[in-house]
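This one's a predicted model, so the numbers in the text were calculated from it and none came from an experiment.
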Amino acid sequence: MAGDKKSAVLDLSKHVDQRVRVKFTGGREVEGRLKGFDTLVNLVLDECIEYMRDVDDPYKLTDEKRQLGLIVCRGTAVTLVCPCDGMMEIANPFLQE
C-alpha cells in the first residue's frame, strides 16, 4: 500500500471547461466553468456565480445571485459537483401539503 499512487476521488477531467454546480458544507452553492482540479478535489472555477440563501431559512435558495469571477474551492469543503448540462429543478416529492 505504501507504493500505491493516489488516485482522484472523482474523475472531473471530462468536465474541464464545462459549467458545473458545486455545493459546499454549510449550504453555499456556486456555478462556474471548471478550469482545473487536483486529487483532493480542490477546484478552480471561472465565471463563477454564487446563489444566495434565504436569511430566515438557510436551506432555501433565493433568486438573488452574486458574481464572483475566478475562485479556488477548497476540496475539504466541497460536498457535491455536478454538470449543469442536463440539470433541472423539480418539485420536492417529499413535501407534505
To the closest 0.5 Å, what do you measure between [atom1] ([X]) and [atom2] ([Y])?
X	Y	atom1	atom2	result
Leu70	Asp46	CG	CG	5.0 Å
Asn42	Thr76	CG	OG1	7.5 Å
Cys48	Lys35	SG	NZ	12.5 Å
Thr39	Leu12	OG1	CG	11.0 Å
Cys82	Glu31	SG	CD	8.5 Å
Leu34	Lys14	CG	NZ	12.5 Å

| request: Decide if atom CZ of Arg28 counts as having more than 12 heavy atoms of other residues, nucleotides or ligands within a radius under 6.0 Å. | output: no
| field | side-chain contact (heavy atoms from CB on, under 4.5 Å) assessment of Val78 paired with Phe24 | value | CA-CA 5 Å; Val78 172; Phe24 300 98; 3.9 Å; yes
| task | Please name the pair of heavy atoms, one in Glu47 and one in Arg19, separated by the smallest distance, quoted to 0.1 Å. | result | O-NH2, 3.4 Å
| message | If you compare all heavy atoms of Gly27 against all heavy atoms of Arg53, which two are closest, and at what distance to 0.1 Å? | response | O-CD, 3.5 Å
Do the side chains of [X] and [Y] join up, straight or via other hydrophobic residues, at under 4.5 Å, putting them in one cluster?
X	Y	value
Val30	Val81	yes
Val16	Val20	yes
Ile49	Ile71	no

| Which ILVMFWY residues can you reach from Tyr51 by hopping between side chains whose heavy atoms are under 4.5 Å apart? | Leu61
| task | Determine which pairs satisfy salt bridge (Lys or Arg N to Asp or Glu O under 4.0 Å) with at least one residue from residues 61-79, sequence neighbours left out, and list them in order. | result | Glu50-Arg66
